[in-house]
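Whatever order the structure lists them in is the order used to number ligands and atoms, beginning at 1.
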Amino acid sequence: MDTIIQKVNKDSFREEELEKACEILRSGGLVAFPTETVYGLGGDALSQEAAKKIYEAKGRPSDNPLIIHIADIDNLYDVAEQVSGKATALAEAFWPGPLTMIFPKAEKVPLSTTGGLNTVAVRMPIHPVAAALIRRSGIYIAAPSANASGRPSPTKAEHVIEDMDGRIHMVLDGGQVGIGIESTIVDMTEDIPVILRPGYITKEKIEKVIGAVEIDPAVIANEPKKDLIAKAPGMKYRHYAPKGQMTIVEGDQEKVVAAINSLVQEKEGEGRRTAVIATEESKRFYRCKKVYCIGSRKNEGSIAAGLYDILRQMDHIGAEYIYAESFVEDTLGQAIMNRMLKAAGYNRISV
Ligand code: AMP
Ligand code: MG
């Protein structure tokens with residue numbers, strides 16, 4: 001199939017420009033579109049066939065559920081059940097925005113959308129193109145990230161095309177996304193809600209609205225543990241991973257720089273291709289031909305936004321050994337480190 005690539009200026013588009021994409025979605029086809037977090041791969045959330053096509057296009061295991069995207073808070077009551085007062089409060093505080101909530105699913109939501117679970121994940125995006133697409137198509141859009149299964153999530157249309165060209169009907173190219181890591185997922189089926197995937201909406205922000213929440217122990221584990229089964233099925237897979245072997249080095253900046261420089265020297269001496277993932281503050285201290293700046297430590301948002309593009313670039317340059325600095329695991333840093341550890345297969349050293 002030929003994939004249509006359509007540019008949409010997120011600040012100045014007319015809704016009619018989205019009509020072709022809406023037609024594709026209404027007739028059961030797939031359209032990748034920008035959201036504020038990452039690009040999503042959209043299909044009709046209430047159609048079993050569309051859900052199957054999404055799994056096929058991504059090469060995704062069929063037990064890994066999709067997130068349903070809605071354009072209006074009222075739609076939540078149509079796809080989910082037992083929406084608690086806490087959930088309503090979170091929706092009012094953070095929707096539209098990068099927060100996904102899990103509820104018991106409504107009858108009409110097919111099991112093929114929820115990966116066979118009786119629960120459903122729902123989110124209302126704030127990106128103008130995503131919101132207009134859902135509203136105008138008149139359907140709920142099931143959308144996981146628009147990457148091939150296991151690869152870093154796409155933060156630019158080019159990333160989607162890299163993975164999905166010829167596999168889906170259309171890509172709406174709205175440029176680079178703002179946040180760059182996936183939505184925070186909160187399981188609202190427990191009395192004390194549980195964060196299953198950290199994201200831009202941090203634990204602190206959520207607790208300000210509804211009081212105590214927990215974090216799924218599988219999320220904060222320093223390594224995958226057999227007895228800790230992630231409640232968000234997607235979190236159990238190796239993910240976001242570049243092809244090379246990635247190591248996260250943590251400690252004081254000076255020591256980290258020295259350790260990475262010596263690892264680079266050792267591997268280059270063996271004729272291996274190395275790369276370093278550094279920050280604005282440290283990049284000039286590395287002695288490696290390929291030093292990539294992920295963003296500034298003064299602005300964690302810039303680091304989240306730059307992460308997946310850099311992980312993809314590691315593959316483009318054929319890096320065999322990748323050394324990355326680490327980040328403090330609080331607020332947004334928790335989401336960043338969660339993704340980086342998974343990319344590194346939990347391979348980290350302290351110096
Ligand atoms: P993606 O948008 O690609 O990050 O995929 C959506 C992710 O949401 C999945 O990988 C799951 O980890 C999570 N998810 C979706 N639905 C549920 C659910 N019903 N229960 C727990 N986690 C879910
Ligand atoms: Mg994903």
Has [X] got a side-chain atom pairing as donor or acceptor with [Y]'s backbone, closer than 3.5 angstrom?
X: Ser27; Y: Glu23; result: yes
X: Thr88; Y: Ser84; result: yes
X: Arg348; Y: Val249; result: no
X: Thr113; Y: Ala51; result: no
X: Asn261; Y: Phe285; result: yes
X: Glu281; Y: Arg297; result: yes

Under 4.0 Å to a heavy atom of [X] - the qualifying atoms of ligand 1, by number:
X: Ala121; answer: 15 (C), 16 (N), 17 (C)
X: Leu117; answer: 18 (C), 19 (N), 20 (N)
X: Asn64; answer: 9 (C), 10 (O), 11 (C)
X: Ile67; answer: 2 (O), 6 (C), 8 (O)

Going by the 4.0 angstrom heavy-atom rule, the piece of Arg60 near ligand 1 is side chain
Have a look at ligand 1 and work out which part of Thr119, if any, has a heavy atom under 4.0 Å from it: side chain, backbone, both or neither. both
Under a plain distance cut-off of 3.5 Å, with no hydrogens placed, do Tyr200 and Glu300 share a side-chain donor-acceptor pair? no
Ligand 1 N/O within reach of Arg197 N/O, cut-off under 3.5 Å: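 N/O-N/O distance below 3.5 Å exists for this pair.
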Distance-only N or O hit between ligand 1 and Ser145, under 3.5 Å: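 By distance alone, the answer is yes.
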So between Ile102, Ile181, Leu41, Val38, whose heavy atom ends up nearest atom 20 (N) of ligand 1? Ile102
Arg273 and Glu268 ion-paired at < 4.0 Å: no
Does Ile185 reach ligand 1, in the sense of a heavy atom lying below 4.0 Å from it? yes
Under 2.8 Å: N/O/S of Asn147 next to the Mg ion (ligand 2): no
